[in-house]
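These numbers come from the heavy atoms of this one structure, side chains and all, not from hydrogens, waters or symmetry mates. What you see is a predicted model, and the numbers here were worked out from it, not measured in a lab. The first residue in the sequence is number 1, and the count goes up from there.
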Amino acid sequence: MSNNDYREIIDEEEVTRNTGNDTSDISTEEKKEVAATEGEEQQDEKETEYEDICYICRRPEHIAGKMIKIPSNICICQDCMQKTFDSMNGSGFSMDDIFPMNMGKMPNISMINLSDLQGYVPNNQKLKKKKPKEKKEAVIDINKIPAPHKIKASLDEYVVGQEHAKKVMSVAVYNHYKRIASDQKDDVEIEKSNMLMIGPTGCGKTYLVKTLARLLDVPLAITDATSLTEAGYIGDDIESVVSKLLAAADNDVERAEHGIIFIDEIDKIAKKRNTNQRDVSGESVQQGMLKLLEGAEVEVPVGASSKNAMVPMTMVNTKNILFICGGAFPDLEEIIKERLNKQASIGFKAELKDQFDKDENILQKVTVEDVRKFGMIPEFLGRLPIMFTLDALTEDMLVRILKEPKNAIIKQYQKLLAMDEVKLVFDDEALAVIAAKAKEKKVGARALRAIIEEYMLDIMYEIPKDDNIGMVTITKDYLENKGAPIIAMRGCPVIEETVRPQIAAGN
């Protein structure tokens, strides 16, 4: 082999080395360019999930039509672009004068840098593009809807008591999603099963709805009726409840149209009595909500609660949205008692007027007429065909709430101390004392956390000081300020009662 042959082989190896996958000779600037290109591609993939929005009128692409893209990633719809040209022509300037070649003819006028005016629209104010119908799967599959008894069994793991309410909600939700999944080939259209739940404060109305939505994995919007006012007045518009559901569905209109809206404190929009001014937050709100409950296409803002905000608008159909309204309805008991005592008369067999004063569950005897007399208009109640009540919590139910649910309050504190490798135990007498104290406050299950937090404060403050403590037992005497909790040290085979003066004294 000649020297020329060797030279040819060496030259080929050098060419292969320089043109191969070896990136050792690539400069830092080239690496930055490659990384920037990959980042732009990933950003483009994310942007394709959302529709373009007009920079001027804030309408999405599916409403305004095809967008005109100008530098600095700004999109303008054809209508706004045409209006801009028309206004410029009408102002006396010719379109030829605004081009760069004729800029010398326009003294003291400089072009505006649009990049200074651009404001990237955040994703919470963008709409997701709709997928093609031929490739789209059914949002609700009739075969995947859990049966009512399975829904109730799941609720039993988190909610104590309220057997009737859980049964009613399970059947209503099951029928609602069967209604969505059913076809209308036989011309039989199933009506919506909106619900109205009535119960004293702290009995678990909101918690029931939250648990139900989490189990079904559907979008849920919880709103307060106290902030709703008639359109044109200070406060949230009625359509804002649908806007919150759209935000919970990640601005996916189709998914939001199969969600659940829970309107709490519905009793606060009752018709005001003996008022001389316009009732903008009472009967007017009820009348405005009629179209939502019945089912209608409403235009709602995306990413805002007011239509006056400079955000895009979209249409949402509320036909398949399940509405659940709840409220404590204070003083409704008096209306029920007045109706029940109408038949009272004088004589030996007459019914006493105070026989219902000690009945905690008198709300179970409520009728539609009682709620209408409370201040709810008949048209509103007619669109809530399912009305049920929740039981008042007894001391036994409060004790079960403390220890039985998956996320019971006692289990939460046990987990907190377990992080310090300390075991926490509540004896049965202590739980009974906590339930009795909570019952006296008359705020339902909300009082349990406040009472336990009061007595656990000193324990959670003192326990981390001593690493030898292995177990703490809360007793009845400690809750009644007659003693101290039982402290067990690590490695002790027998639990020894050790009085901790600093805990008993609250130091």
Side-chain angles (χ1 to χ4, degrees), residues 146 149-167 169-170 197 199-217 220 222 262 264 326 360 390-461 463-464 469-480 485-488 495 503:
H149 68 279
K150 294 182 179 180
I151 298 177
K152 183 180 178 301
S154 300
L155 291 175
D156 289 338
E157 297 179 358
Y158 296 92
V159 183
V160 172
Q162 312 298 354
E163 298 298 326
H164 177 69
K166 289 186 288 188
K167 185 182 296 185
M169 293 184 68
S170 300
M197 58 169 61
T201 179
C203 64
K205 297 185 293 294
T206 307
Y207 189 66
L208 264 175
V209 179
K210 285 183 178 180
T211 306
L212 185 64
R214 185 173 67 251
L215 296 175
L216 296 176
D217 190 22
L220 169 67
I222 298 179
F262 176 60
D264 202 3
E360 294 183 349
L390 280 76
D391 301 331
L393 299 180
T394 61
E395 292 187 12
D396 293 337
M397 293 176 65
L398 291 173
V399 171
R400 294 178 57 194
I401 291 173
L402 283 172
K403 60 181 182 179
E404 289 186 7
K406 281 189 174 182
N407 55 347
I409 302 175
I410 298 299
K411 296 179 182 178
Q412 296 177 24
Y413 283 94
Q414 289 175 343
K415 184 176 181 179
L416 288 174
L417 290 185
M419 295 180 182
D420 294 330
E421 297 182 357
V422 177
K423 184 178 180 180
L424 177 64
V425 178
F426 284 80
D427 59 21
D428 295 337
E429 292 182 350
L431 295 178
V433 172
I434 295 174
K437 291 178 177 292
K439 184 68 176 177
E440 293 175 358
K441 293 182 178 295
K442 297 182 180 180
V443 292
R446 294 187 178 95
L448 295 174
R449 180 65 183 263
I451 294 173
I452 296 180
E453 187 71 25
E454 178 184 354
Y455 290 101
M456 289 294 298
L457 176 62
D458 295 327
I459 294 176
M460 291 186 294
Y461 181 82
I463 290 299
I469 297 177
M471 182 176 177
V472 179
T473 303
I474 306 299
T475 62
K476 176 182 178 181
D477 292 338
Y478 173 63
L479 297 178
E480 294 178 348
I486 301 175
I487 307 297
I495 298 178
I503 296 179

**OP:** Go through the steps to decide whether Gln162 and Met397 satisfy the test side-chain contact (heavy atoms from CB on, under 4.5 Å), and finish with yes or no.
**Re:** CA-CA 10 Å; Gln162 312 298 354; Met397 293 176 65; 4.2 Å; yes

Heavy atoms of Pro485 and Val472 approach each other most closely as CB-CG1, 4.1 Å

Heavy-atom nearest pair, Ser170 first then Ile151, reads OG-CG2, 3.5 Å

Does the pair Leu402 and Ile452 meet the rule for a side-chain contact (heavy atoms from CB on, under 4.5 Å), with working shown?
CA-CA 10 Å; Leu402 283 172; Ile452 296 180; 3.5 Å; yes

Is any side-chain N of the basic residue among Asp156 and Lys166 closer than 4.0 Å to the acidic one's carboxylate O?
yes

dist Leu417:CG -> Lys423:NZ (nearest 0.5 Å) comes out at 12.5 Å

| message | Atom NZ of residue position Lys411 - does it have more than 12 heavy atoms of other residues, nucleotides or ligands inside 6.0 Å? | response | yes

Test item: Val160 and Pro405 side chains (from C-beta on) under 4.5 Å apart, heavy atoms: yes

Between Arg446 and Thr201 the two heavy atoms that sit nearest each other are NH1-OG1, 2.8 Å

* Asked: Any sub-3.5 Å donor-acceptor pair from Gln414's side-chain atoms to Val425's backbone N or O?
  -> no

task: May I ask you to say whether Lys406 pairs ionically with Glu157, meaning some side-chain N is under 4.0 Å from a carboxylate O?
output: yes

Do Lys437 and Tyr455 have side chains that get closer than 4.5 Å, going by heavy atoms?
yes

Correct closest heavy-atom pair for Ala435 and Val399 would be CB-CG2, 3.6 Å

When every non-hydrogen atom of Lys150 is compared with those of Pro146, the smallest separation belongs to CB-CB, 4.3 Å

Show, in sequence, the C-alpha distance, side-chain angles and deciding distance for Lys210 and Phe262, and conclude whether the side-chain contact (heavy atoms from CB on, under 4.5 Å) test is met. CA-CA 9 Å; Lys210 285 183 178 180; Phe262 176 60; over 6 Å; no

(message) Does any part of the side chain of Phe426, heavy atoms only, come nearer than 4.5 Å to the side chain of Ile434, both counted from C-beta?
(response) yes

Over 12 foreign heavy atoms within 6.0 Å of NZ, Lys167: no

d(Leu212 CG, Met169 CE) to nearest 0.5 Å is 5.0 Å

Output for pair (Asp420 CG, Ile463 CD1), nearest 0.5 Å, gives 8.5 Å

- Task: State, with a plain yes or no, whether a side-chain heavy atom of Glu163 is found less than 4.5 Å away from one of Leu155.
- Result: no

| Leu424 and Leu416: CA distance, side-chain angles, deciding distance, side-chain contact (heavy atoms from CB on, under 4.5 Å) verdict | CA-CA 9 Å; Leu424 177 64; Leu416 288 174; over 6 Å; no

Arg400 bridged to Asp396 by N-O distance under 4.0 Å = no

In terms of heavy-atom contacts, Pro200 and Ala392 come closest through CG-CA, 4.0 Å

Please check this pair: side chain of Lys205 against backbone of Gly199, looking for a donor-acceptor N/O pair closer than 3.5 Å. yes

For this session: Answer whether the closest heavy-atom distance between the side chains of Ile486 and Asp427 falls below 4.5 Å.
Result: no

Do Tyr158 and Arg214 come close enough that some side-chain heavy atom pair is under 4.5 Å?
yes

Measuring only between side-chain heavy atoms, which start at C-beta, is Ile474 closer than 4.5 Å to Ile459?
yes

Interatomic distance, SG@Cys203 vs CG@Leu390, rounded to 0.5 Å, equals 4.5 Å

Using a 4.5 Å cut-off on heavy atoms from C-beta on, say whether the side chain of Glu429 contacts that of Asp477. no

Separation between CG (Asp428) and NZ (Lys476), nearest 0.5 Å, reads 12.0 Å

One should read off an interatomic distance between Leu448 CG and Lys441 NZ, to the nearest 0.5 angstrom, of 10.5 Å

